[in-house]
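Reviewing the structure listed below.
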Amino acid sequence: MRLKSHLNALFVEAFAKAKIDAIPISVTEASQEKFGDYQFNGAMALSKQLGKNPREIATEILNALDTSTLIAKTEIAGPGFINLWLNDAWLSEACQNAFQDDRLSISLKLQSQTVVVDYSGPNMAKEMHVGHLRSTIIGDTLANLLTFLGDRVIRQNHIGDWGTQFGMLVAYLEEQHSDTSANLKDLESFYKAAKSRFDADESFANKAREYVVRIQSNDAHCLVLWQRFIDISLQHCEDVYRELSVKLTREDVKAESFYNDDLVNVIDDLNAKGVLTESEGALCVFLEGSQTPVIVQKKDGGYLYATTDLAALRYRAKTIQADRILYVVDARQAEHFKQVFEVAKISDFVPQSVRLEHIGFGTMMDSSGKPFKTRDGGTVKLIALLDEAVRKAKKSIKEPSKFTSQEIEQLAQVIGIGAVKYADLSINRESNYVFDWDKMLAFDGNTALYMQYAYARIQSIFRKHNASIEGKIVIVDPLEHQLAVMLLRFEEVLIRTSEDASPNQITAYLYEVVTLFMRFYEQNPILKDGVDDITKMSRLQLANLVARTIRLGLEILGIDVVDQL
RNA sequence: GCGAUCGUAGCUCAGUUGGAUAGAGCACUCGCCUUCUAAGCGAGCGGUCUCAGGUUCGAAUCCUGACGGUCGUACCA
């Protein structure tokens with residue numbers, strides 16, 4: 001349901017009828033309860049243009065405004081605000097329709113786009129660490145959201161499987177004669193061991209360097225070793241994805257090495273376009289207004305990540321035929337993407353019409369405001385962090401005696417992982433974010449557990465009711481009214497989130513829905529004695545809508561719910 | 001140096017086309033469970049929206065400058 005669009009359409013109509021020659025600015029949600037459900041603030045802005053005072057204009061608009069459908073009451077307030085109250089009968093019917101619809105009346109986009117979402121992108125030489133968390137879960141959320149809204153979504157996991165360190169790793173792997181997967185179980189230690197071997201032994205270092213060259217020249221022996229290494233490393237990532245309920249699979253992997261053969265073409269084509277300049281031995285693209293060039297080929301002939309990104313951009317635009325490409329990557333790379341996108345456009349690698357967006361995000365900090373590290377200054381392994389979350393969640397379960405040990409494991413998983421993901425997704429994407437176990441697992445305020453608790457509470461109502469739901473939704477109570485309006489806003493929140501790529505709009509919305517429901521529920525009994533059948537059935541349906549809204553919202557965020565907590 | 005970005009309650013943060021008295025959670029004070037899950041609800045306390053100008057009928061929001069933090073800045077990704 002798109003409430004705002006409906007209201008805006010009425011204002012466009014009213015403007016035409018009142019012969020006001022202007023495009024009305026959009027209505028907004030009312031800033032306060034006493035100002036109604038929505039407000040139109042455009043009369044003030046038109047004052048100068050029309051040479052009339054704003055209240056006069058507001059009166060003219062209201063005289064022409066159709067209030068026979070969803071608007072129940074209007075008022076002109078203050079300097080010229082138009083406050084709007086929605087019609088209960090209309091809301092009842094809209095909620096009724098949502099109740100009967102699997103998609104809660106959220107329509108599919110009329111014009112579906114092909115959207116590439118590039119996220120996660122772990123380096124195969126190392127284990128996934130906390131630095132990968134945000135990209136992975138924000139990207140997954142955006143992919144889920146766009147899919148739900150009807151876009152054709154292509155997930156792309158641009159894993160780092162190429163570079164000089166692989167010579168060293170493969171050489172070291174070859175030296176280890178025992179079972180390779182066992183050796184690679186702890187990638188971090190494996191990397192360190194290889195590195196210290198590299199630093200200590202000159203002949204090993206030479207071999208490592210030689211292997212880099214051999215891998216790059218498609219030497220069969222080295223490629224087999226390399227491939228085995230990548231496979232095992234990728235399995236680590238898949239373990240993390242499974243733990244995180246992130247939907248990335250091997251199908252989505254399009255590694256850096258995938259573009260290797262195309263890099264020489266990238267250079268040729270940039271050259272043919274006349275954008276290349278040689279500077280200090282390197283091949284560069286100098287962009288207007290930027291001092292530092294985009295280097296696409298080093299003086300030693302090697303390629304850089306800008307080169308690979310250009311190849312990937314072209315592949316996504318031309319082969320995948322993307323209309324929109326999202327890069328969910330640390331905000332610190334803003335400049336890089338700005339430049340690469342520009343190069344891609346001026347070189348016709350990507351048509352002008354394709355939207356290229358860097359979805360940047362802030363750094364994860366510890367409580368002292370420094371980048372998140374272990375006590376000894378190392379990076380925190382993602383799998384360790386998730387295990388810790390589940391362990392803490394298990395300890396926090398209030399009445400463990402209610403559940404079997406197996407159920408507890410599952411509960412802890414849902415709560416713990418949900419807490420980590422929600423804490424991250426509920427923060428404004430672009431700001432740095434302080435990682436705080438106590439806060440995310442305290443389960444107060446705007447947290448995953450609060451949502452999961454609300455959901456479970458509603459499920460408990462249905463268990464108790466244990467019968468079919470019939471009848472209609474009837475909205476009479478003021479809180480019911482507010483709740484109905486809130487529920488019907490969901491589609492617009494999702495659309496906005498998909499445009500801005502900012503998942504915290506979903507969490508903020510869900511939090512509003514849930515707090516409102518909690519208030520409603522405290523004051524308006526559902527199953528208690530003395531509630532007549534019509535009211536009971538209506539409230540059961542509203543409760544059901546709330547529950548399904550929570551479930552769908554969390555599902556988009558990649559967070560599970562449970563029926564009982 | 002240049003550039004990006006941020007600065008909102010004691011703490012962590014919302015506040016996205018500029019709107020009426022700037023909102024949550026935590027913490028602190030107080031009230032509400034023989035009654036649908038109290039992991040809840042209600043009330044109170046708490047603000048020079050870093051500062052100074054400007055644009056506007058109206059600015060936390062837009063512009064300029066200052067101060068402070070974070071980050072980036074030629075062959076790593």
Side-chain angles (χ1 to χ4, degrees), chain A residues 25-26 28 30-32 34-35 39 41-42 44-45 47-48 53-54 77-81 83 121 123 158 160 162-165 256 279-284 289-300 302-306 308-309 329-336 338 360 362-363 365 367 369-371 396-399 402 415 423 426-428 430-434 436 438-439 442-447 449-450 452-454 456-465 496-497 499-500 502 504-505 507-508 511-512 515 518-519 521-523 525-529 531 539 543 564-565:
Chain A
I25 65 161
S26 168
T28 58
S31 56
Q32 288 179 60
K34 64 177 176 185
F35 298 143
Q39 57 183 229
N41 302 329
M44 280 90 76
S47 176
K48 193 168 278 179
N53 85 59
F81 295 100
N83 295 335
N123 189 319
H158 190 80
W162 206 249
T164 49
Q165 71 265 60
E256 277 178 35
S279 172
E280 296 173 32
L283 288 179
C284 307
S290 173
Q291 302 168 350
T292 54
V294 182
I295 301 177
V296 290
Q297 187 165 24
K298 297 193 279 186
K299 62 179 166 217
D300 69 2
Y303 304 109
L304 292 108
Y305 71 133
T308 314
D309 278 339
V329 182
D330 194 306
R332 283 173 288 196
Q333 293 189 37
E335 182 126 22
H336 165 72
K338 199 178 149 206
T363 312
M365 308 295 213
S367 53
K370 298 195 179 106
S396 77
I397 292 171
K398 230 184 169 185
E399 298 177 77
K402 265 170 49 180
I415 295 172
S426 60
I427 227 75
N428 183 311
E430 303 192 59
S431 49
N432 290 345
Y433 130 66
V434 176
D436 181 347
D438 291 335
K439 193 183 159 203
F443 305 136
D444 283 306
N446 188 9
T447 63
L449 187 76
Y450 183 70
Q452 289 164 334
Y453 172 70
R457 235 177 139 174
I458 296 171
Q459 296 315 306
S460 154
I461 299 170
F462 288 111
R463 275 195 299 276
K464 181 160 184 170
H465 173 62
R496 181 122 198 199
T497 303
E499 283 300 311
D500 304 341
S502 52
N504 73 312
Q505 291 187 57
T507 61
Y511 185 60
E512 277 192 275
T515 50
M518 290 289 193
R519 279 170 62 202
Y521 183 65
E522 292 282 332
Q523 293 177 39
I526 299 177
L527 298 178
K528 291 184 182 177
D529 289 343
V531 181
R539 289 181 181 164
Q564 216 169 341
L565 258 182

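Lettering follows sequence order; numbering is per chain, from 1.
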Which is more 5' along RNA chain B, the nucleotide nearest A/S426 or the one nearest A/F35? Just name the residue. A/S426
Identify whether any heavy atom of A/T292 sits under 4.0 Å from a base atom; if not, whether one sits that close to sugar-phosphate; answer base, sugar-phosphate or nothing. sugar-phosphate
Is any side-chain nitrogen or oxygen of A/S431 closer than 4.0 Å to OP1 or OP2 of B/A14? yes
Rounded distance (Å) that lies between atom C1' of B/G15 and atom CG of A/N446: 13 Å
Phosphate OP1/OP2 of B/C41 contacted by A/Y450 side-chain N/O (<4.0 Å): yes
C1' spacing across the pair B/C28 / B/G68, given as an integer number of angstrom: 30 Å
For A/S290, report the nucleic acid contact type (base, sugar-phosphate, nothing); a contact means any heavy atom under 4.0 Å. nothing
Base, sugar-phosphate, or nothing: which does A/S279 touch, judged by heavy atoms less than 4.0 Å apart? base
NA contact type, A/R539, heavy-atom cut-off 4.0 Å: base, sugar-phosphate, or nothing? nothing
How far does the C1' atom of B/A60 sit from the matching atom of B/A20, given to the nearest Å? 15 Å
Taking only side-chain N and O atoms of A/N41, does any of them lie within less than 4.0 angstrom of OP1 or OP2 on B/U17? no
Can you check the distance between B/C33 and B/G42, where both ends of the measurement are the C1' atom (answer in whole Å)? 14 Å
Any base atoms under 4.0 Å from A/K299, or only sugar-phosphate, or nothing? Heavy atoms, all strands. base
Using the P atom in both, what is the distance from B/A22 to B/C26, to the nearest Å? 22 Å
A/K34 near the nucleic acid: base, sugar-phosphate alone, or nothing, with a heavy-atom cut-off under 4.0 Å? base
Counting Watson-Crick and G-U wobble pairs only, both distances under 3.5 Å, name the nucleotide matched with B/C33, or none. none
Using a heavy-atom cut-off of 4.0 Å across all strands, would you classify A/M44 as base, sugar-phosphate, or nothing? base
Just N and O in the side chain of A/R519: are any of them under 4.0 Å from OP1 or OP2 of B/G42? yes
Using the P atom as the point on both nucleotides, what is the distance between B/G23 and B/G15, in whole Å? 15 Å
Answer with yes or no whether A/D309 presents, from its side chain, a donor or acceptor under 3.5 Å of a partner atom in the base of B/A77. no
Is A/E430 touching bases, backbone alone, or none of the nucleic acid, heavy atoms closer than 4.0 Å? nothing
For A/D330, answer base if it contacts any base atom (sugar-phosphate contacts may also be present), sugar-phosphate if it contacts only those atoms, and nothing otherwise; contact means non-hydrogen atoms under 4.0 Å. nothing
Have a look at A/A334 and say if it touches a base, only the backbone sugar-phosphate, or nothing, with a 4.0 Å heavy-atom cut-off. nothing
Separation between the C1' atoms of B/A59 and B/A52, rounded to whole Å: 15 Å
Using a heavy-atom cut-off of under 4.0 Å over every strand shown, decide if A/E256 touches base, sugar-phosphate, or nothing. sugar-phosphate
Students often get this wrong, so: under 4.0 angstrom with heavy atoms, is A/A454 touching a base, only sugar-phosphate, or nothing? nothing
In whole angstroms, how far is the C1' atom of B/U34 from the NZ atom of A/K528? 12 Å
Considering every strand and a 4.0 Å limit on heavy-atom distances, what is the contact class for A/Q523: base, sugar-phosphate, or nothing? nothing
Whole-angstrom distance between B/G19 and B/U56, as gauged at atom C1': 12 Å
When all nucleic acid strands are considered with a 4.0 Å heavy-atom cut-off, which category describes A/Q452: base, sugar-phosphate, or nothing? nothing
